[in-house]
Q: 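Handing you a structure now.
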2 protein chains.
Amino acid sequence: MRRSAAKTAFRPTLAEVARLAKVSPATVSRALNNPNIVAEETNRRIQEAVRQTGYVPNLLAGGLASSRSRLVAIIVPVLARSVFNEMIEAMTEELMAARYQVMLSLSGHQDEHLPAIVDSVLARRPEGIILTGMVTDPLLRERLVSTGATIIETRHLPGEPIQHVIGFSHHAVGVAVAQAFHELGRRMPLIVAPDTVRSLERQNGFTKEMARLGVRRVSTITMPMPSSVGQGRAALAEFLDNGGKADCVMCGADWQAHGVIIEAQRRGIRIPEDLAVFGFGNTDFAESMEPSLSSVNIDGRQIGVAAAQILVERSPGPPTFRDVGFSLIRRESA
Amino acid sequence: MRRSAAKTAFRPTLAEVARLAKVSPATVSRALNNPNIVAEETNRRIQEAVRQTGYVPNLLAGGLASSRSRLVAIIVPVLARSVFNEMIEAMTEELMAARYQVMLSLSGHQDEHLPAIVDSVLARRPEGIILTGMVTDPLLRERLVSTGATIIETRHLPGEPIQHVIGFSHHAVGVAVAQAFHELGRRMPLIVAPDTVRSLERQNGFTKEMARLGVRRVSTITMPMPSSVGQGRAALAEFLDNGGKADCVMCGADWQAHGVIIEAQRRGIRIPEDLAVFGFGNTDFAESMEPSLSSVNIDGRQIGVAAAQILVERSPGPPTFRDVGFSLIRRESA
DNA sequence: CTGAAAGCGCTTACAG
DNA sequence: CTGAAAGCGCTTACAG
């Protein structure tokens with residue numbers, strides 16, 4: 001029993017639309033969700049009633065009744081300088097077209113909000129959950145799978161997938177960059193990178209490949225998230241001021257690479273003659289810099305679109321495990 | 001009547017928690033939402049039952065029953081290179097602490113998805129809607145207010161607010177930058193800016209103030225959204241190649257300013273001696289550039305926190321209209 | 001401090 | 001193609 005507390009705003013319900021259109025609520029529901037099973041003339045009357053009342057369906061009620069929330073959650077660490085934006089925007093467009101809504105949740109630079117985020121996300125009963133980080137806590141993993149939501153891990157290739165995967169190998173990225181530097185004749189490599197799991201995978205790939213090619217010594221400067229231009233400058237400055245020597249540097253992000261180049265230029269170090277530089281992410285400014293920045297490109301749109309497809313099609317069968325790869329974009333800096 | 005279609009995932013309900021804890025569903029609801037009105041020992045039993053079952057409340061049902069969705073929608077054009085990220089992150093943190101969830105919606109570079117977005121947002125019955133763009137269509141405005149949700153327009157000072165406003169005057173920004181250039185003795189101003197309503201307000205302020213100071217001629221290069229480094233380069237190149245002359249340039253975004261500086265440097269134009277440059281947004285790379293970039297700083301965190309407060313407090317009374325101002329950050333470029 | 005019961009606004013299996 | 005009715009999983013006014 002409830003009292004209709006001072007109704008601030010009049011919100012027409014489906015029942016009122018039905019009354020106006022002189023049909024049952026059930027028929028209005030059908031007309032809205034599946035118009036082709038409703039008679040032409042009935043559809044018309046209902047459309048008119050919707051227009052007149054300004055009716056907006058209540059998806060809290062709809063989702064509860066149908067067990068279809070039409071909601072997809074995307075969990076990313078942060079927005080600023082995020083490498084995920086392209087994927088998010090592509091996925092959002094695809095899902096909007098299929099009448100889904102995406103709910104973006106921020107888990108924090110170190111995923112520090114993840115447990116709280118997962119609970120608040122699950123409370124909305126999303127049909128899909130897109131993960132951009134690694135979920136290692138077994139309790140959280142279990143909570144996620146028990147949901148019944150479609151889980152998609154993106155932008156890496158986990159050893160033990162939760163369910164679907166659309167990503168690429170960070171290890172392979174490191175290998176490819178090492179090879180590129182080696183072909184340029186570089187033998188004194190430096191790594192400037194954040195202390196994230198994925199960056200470490202790239203570093204491992206890089207270091208192992210360098211070793212295989214006969215270069216046993218790799219210098220590394222690790223920086224805390226978030227990566228920034230200033231951080232790249234600081235990293236190179238610290239390295240050089242301590243007597244470090246390098247003829248090539250793999251950065252964990254284009255931002256850092258940008259900073260490395262600025263700092264090098266200030267010191268009269270020529271790019272790429274004295275120092276070859278590779279970024280990561282192929283951020284839009286990479287091609288506009290002077291010198292332009294070589295970087296690793298990930299097709300975020302492709303990942304976003306593929307993820308959306310999995311969600312919309314809801315096809316049964318075994319989970320997807322898809323490596324979308326990456327490409328080295330060679331420009332002036334390496 | 002419904003058949004429980006092949007239940008893929010077991011989702012415990014509040015009723016099952018109640019059974020386990022040997023209390024009524026009503027009491028579980030109270031323990032979860034308002035624990036201090038429930039007996040200590042009862043709370044304990046319920047907590048234990050929640051733990052055992054892995055219960056996660058269904059906010060679709062909760063929101064429907066209580067007419068409190070605990071949802072706040074933020075509508076932004078796009079994510080990439082967005083000047084809103086700081087505000088979004090601050091607001092998200094504040095709202096999370098108050099048990100709200102934010103749902104981020106993308107309206108597109110030209111707000112082209114806005115009508116569709118508004119409907120899908122309203123369907124979730126958010127308690128608040130944060131607008132970052134202008135809503136001029138009277139029908140959309142009406143739809144928004146009729147909702148009963150708290151509406152907050154941010155980052156500008158509209159002449160006819162929908163409801164609450166937390167922003168600053170773009171016109172005043174233009175005036176301030178004009179004054180800064182004028183004090184530096186610059187008399188041949190150039191504007192490189194996107195074709196957005198807000199950028200136009202800054203341009204108007206700039207142009208009027210310049211005229212007041214005796215400088216009647218202002219060159220303008222207008223670029224389509226989104227702003228980028230490459231765009232800034234292209235704009236300056238086009239201007240100079242067509243014989244344009246300028247000794248200072250106000251840019252619509254730090255990205256563009258960055259590009260302007262790169263292009264100028266490539267042509268041997270000294271910054272700031274030959275060309276003073278002002279950006280907008282005080283993006284994090286501004287201080288790390290060489291030369292460092294002067295820019296206009298907006299305190300996004302402050303806007304985000306203030307908006308969250310309005311939503312959480314839900315205090316009645318007249319709507320807020322708050323000018324948070326801005327500040328010119330003077331660095332090497334101007 | 002707690003319970004029984006009505007109701008939130010939809011959807012859908014069933015029966016025509 | 002359409003309607004009557006049950007049910008989705010909660011909350012809350014009412015009554016103790």
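Only this structure's heavy atoms are used, side chains among them; waters, hydrogens and symmetry mates stay out. We name chains A, B, ... by the order of the sequence lines, and we start the count at 1 in each one.
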Q: When the distance from CZ of Arg19(A) to C1' of dG9(C) is rounded to whole Å, what number comes out?
A: 13 Å
Q: Report the distance from atom CZ of Arg11(B) to atom C1' of dG9(D), rounded to the nearest whole Å.
A: 13 Å
Q: Rounded to whole angstroms, how far apart are OH on Tyr55(B) and P on dG9(D)?
A: 10 Å
Q: Quick one: list whatever passes salt bridge (charged side-chain N to carboxylate O under 4.0 Å, His left out) with Glu41(B), sequence neighbours left out.
A: Arg44(B), Arg45(B)
Q: Which residues within residues 115-128 of chain A lie with some heavy atom under 4.0 Å of an atom in DNA chain D?
A: none
Q: Counting only side-chain heavy atoms from C-beta out, which of dG9(C), dC10(D), dT2(D) sits nearest to Thr13(B)?
A: dC10(D)
Q: Side-chain donor-acceptor pair under 3.5 Å between Tyr100(B) and Glu127(B), yes or no?
A: yes
Q: Has Asn58(A) got a side-chain atom pairing as donor or acceptor with Ala61(A)'s backbone, closer than 3.5 angstrom?
A: yes
Q: Using 4.0 Å as the upper bound for N to carboxylate O, is an ion pair formed by Glu48(A) and Arg51(A)?
A: yes
Q: Tell me, please, which residues at least two apart from Arg99(B) pass salt bridge (charged side-chain N to carboxylate O under 4.0 Å, His left out).
A: none
Q: Base, sugar-phosphate or nothing for Arg30(B)? Non-hydrogen atoms, less than 4.0 Å.
A: base
Q: Using a cut-off of strictly less than 4.0 Å between a heavy atom of the residue and any atom of DNA chain D, enumerate the qualifying residues of residues 31-46 of chain B by number.
A: Asn33(B)
Q: Once pairs are restricted to Watson-Crick or G-U wobble with both distances under 3.5 Å, how does DNA chain C read as a dot-bracket string, [ ] for crossings and | for other-strand pairs?
A: |||.||||||||.|||
Q: Examine dC10(C): is either OP1 or OP2 under 4.0 Å from a nitrogen or oxygen in the side chain of Ser29(A)? Give yes or no.
A: no
Q: How far apart are the C-alpha atoms of Ile298(A) and Met87(A), what are their side-chain angles, what is the distance that settles it, and do they pass the side-chain contact (heavy atoms from CB on, under 4.5 Å) test?
A: CA-CA 10 Å; Ile298(A) 313 299; Met87(A) 173 186 99; over 6 Å; no
Q: Could you check how far CG of Leu64(A) sits from P of dC8(D), rounded to whole Å?
A: 9 Å
Q: Before giving the answer on side-chain contact (heavy atoms from CB on, under 4.5 Å), spell out for Arg125(B) and Arg11(A) the whole-Å C-alpha distance, their side-chain angles and the decisive distance to 0.1 Å.
A: CA-CA 10 Å; Arg125(B) 300 296 189 261; Arg11(A) 291 266 78 198; 3.7 Å; yes
Q: Counting N and O atoms only, with roles assigned by atom type, does the side chain of His109(A) sit under 3.5 Å from a partner on the main chain of Met225(A), one being a donor and the other an acceptor?
A: no
Q: Once you round it to whole Å, what is the distance between C1' of dT11(C) and CG of Asn58(A)?
A: 13 Å
Q: Calculate the interatomic distance between Arg70(B) atom CZ and dC10(D) atom P; express it in whole Å.
A: 16 Å
Q: Provide the full list of side chain to side chain donor-acceptor pair (under 3.5 Å) pairs with a residue in residues 86-96 of chain A, sequence neighbours left out, each pair given once.
A: none
Q: Nearest-Å distance, CG (Leu14(B)) to P (dC10(D))?
A: 5 Å
Q: Ala65(A) has a side chain; which of dT11(C), dG3(C), dG9(D) sits nearest to it?
A: dT11(C)
Q: OP1 or OP2 of dT11(D) less than 4.0 angstrom from a side-chain nitrogen or oxygen of Ser66(B), does that happen here?
A: no
Q: Looking at CD of Gln309(A) and CD1 of Ile152(A), how far apart are the two atoms once the value is rounded to the nearest 0.5 Å?
A: 10.5 Å
Q: Suppose you measure atom C1' in dT12(C) against the same atom in dG16(C); what distance do you get, rounded to whole Å?
A: 15 Å
Q: Would you say dT2(D) has OP1 or OP2 under 4.0 Å from some side-chain N or O of Ser24(A)?
A: no
Q: For Leu131(B) and Thr154(B), run side-chain contact (heavy atoms from CB on, under 4.5 Å): C-alpha distance rounded to whole Å, both residues' side-chain angles, the deciding distance at 0.1 Å, then the answer.
A: CA-CA 6 Å; Leu131(B) 265 16; Thr154(B) 60; 5.9 Å; no
Q: Taking CG from Leu60(B) and P from dT11(D), how many angstroms apart are they, rounded to a whole number?
A: 12 Å
Q: Does the pair Met103(A) and Leu71(B) meet the rule for a side-chain contact (heavy atoms from CB on, under 4.5 Å), with working shown?
A: CA-CA 11 Å; Met103(A) 117 164 287; Leu71(B) 208 51; 3.9 Å; yes
